[in-house]
2 protein chains.
Amino acid sequence: MSIDRRSHTPVYRQLANLIREGIRSGQYPAGGFLPSEATLAQEYGVGRDAVRKALALLRAEGRVTTERGERSRVRPELERVEIQLSAGDAVIGRMPDEPERGRLGLDEGVPIFEIHHRDGTIEVLPADRTKLTVPA
Amino acid sequence: MSIDRRSHTPVYRQLANLIREGIRSGQYPAGGFLPSEATLAQEYGVGRDAVRKALALLRAEGRVTTERGERSRVRPELERVEIQLSAGDAVIGRMPDEPERGRLGLDEGVPIFEIHHRDGTIEVLPADRTKLTVPA
DNA sequence: TACTATTTGTTCGTATGTATA
DNA sequence: GTATACATACGAACAAATAGT
């Protein structure tokens, strides 16, 4: 599979699909580095802008992380801590805004759980390392 | 408050903060349209690129939606349907990837709940219109 | 129907800043 | 100190969708 210039799907979205598939298939192993933006651009025959936009999409999906000066990395699946919910709890999910994301030290593309306890307190948990369970 | 060119915080992030605050304060009412990109660029004295990046941040947070040919809109808080969890259920939260997001008809910046039932079935729900509850 | 104006989307180009190796 | 690599920012041109005339 490669980039189809005549497709109505934008180049950077096609590229994101290709890279995502490469991650799923193991071509780009979890925890490992992706090729540099320049390399990806050359390998797939697209501009650097398309590469950066594709990576931005994958970051927003929580699939890759990028740090300045380093090649992007495939985000490994994290161990999830089991949190037991209690009777009367209510849970909503949402994305943190940027300041909140910074405070909580979360990567891009990581949702949060808000657990509303019966006593009115609200517990905020990162959804990428949490599994909520309902006791029997 | 306005853009500080000497700040280390990038212009587009400062602008996202300003618009987010404008949404929170009611200057940009929920469900209403934001000014056009060109207008925002002129009003805040930044390039269109900075405006588009700021809007992209807010979209990824689920705060605004954008459709081609139309000005961006402040995403209203949706009514949440209450879903009762059952004993033995487990819940994780994650972002959908792009194809999945299209299939489910979700806006950007909307996480999904995966409810793993005791019988092995998995229920996928949009987190922006769902509230999970634990029965007493 | 047809046309125009507005608006967002995509792509490329260029330059500069900053972190890492 | 140099080279590599990612981040930010501006501008320009054109495509595509929308709304109204």
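Remember, predicted model here, so these are calculated numbers, not experimental data. Scope of the values below: all heavy atoms of this structure, side chains included, with no hydrogens, waters or symmetry mates. Convention: sequence-line order gives letters A, B, ...; per-chain numbering from 1.
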Is [X] near enough to [N] that one of its side-chain N or O atoms lies under 4.0 angstrom from OP1 or OP2?
X: A:Arg52; N: D:dA7; answer: yes
X: B:Tyr12; N: D:dT8; answer: yes
X: B:Arg68; N: D:dT18; answer: no
X: B:Arg73; N: C:dT8; answer: no

Sugar-phosphate, base or nothing in reach of B:Gly69, heavy atoms under 4.0 Å
base

For B:Arg71, answer base if it contacts any base atom (sugar-phosphate contacts may also be present), sugar-phosphate if it contacts only those atoms, and nothing otherwise; contact means non-hydrogen atoms under 4.0 Å.
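Sugar-phosphate: the residue B:Arg71, judged by heavy atoms under 4.0 Å, touches backbone atoms but no base.
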
Are A:Glu61 and A:Arg20 close enough for a salt bridge, meaning some N to O gap below 4.0 Å?
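Yes, this pair counts.
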
B:Asp97/A:Arg24 ion pair, N-O < 4.0 Å
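Between A:Arg24 and B:Asp97 there is a salt bridge, with a charged N closer than 4.0 Å to a carboxylate O.
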
Examine distances only and state if a side-chain atom of [X] and a backbone atom of [Y] form a donor-acceptor pair shorter than 3.5 Å.
X: B:Ser36; Y: B:Thr39; answer: yes
X: B:Arg71; Y: B:Leu34; answer: yes
X: A:Arg75; Y: A:Thr65; answer: no

Starting at atom [atom1] of [X], determine the distance to atom [atom2] of [N], rounded to an integer number of angstrom.
X: A:Asp49; N: D:dC6; atom1: CG; atom2: P; answer: 14 Å
X: A:Gln42; N: D:dA5; atom1: CD; atom2: P; answer: 12 Å
X: B:Glu70; N: C:dG9; atom1: CD; atom2: C1'; answer: 14 Å
X: A:Leu15; N: C:dT10; atom1: CG; atom2: P; answer: 14 Å
X: A:Leu40; N: D:dC6; atom1: CG; atom2: P; answer: 8 Å
X: B:Lys53; N: D:dC6; atom1: NZ; atom2: C1'; answer: 11 Å
X: A:Phe33; N: C:dT20; atom1: CZ; atom2: P; answer: 12 Å

Suppose we call a contact any N or O donor and acceptor under 3.5 Å apart; does that hold for the side chain of A:Arg13 and the base of C:dG9?
no

Measure from the side chain of B:Ala50, starting at C-beta and using heavy atoms only, and say which of D:dC6, C:dC12, D:dC10 lies closest.
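In terms of side-chain proximity for B:Ala50, the closest of D:dC6, C:dC12, D:dC10 is D:dC10.
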
Between A:Val46 and B:Arg59, name the one whose nearest nucleotide on DNA chain C is closer to the 5' end.
B:Arg59

Write down the partner of C:dT20 under the Watson-Crick or G-U wobble criteria, each distance required to be under 3.5 Å.
D:dA3

DNA chain D: 5'-proximal contact among A:Leu55 and B:Gly45 (nearest heavy atom)
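Its nearest nucleotide lies further toward 5', so the answer is A:Leu55.
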
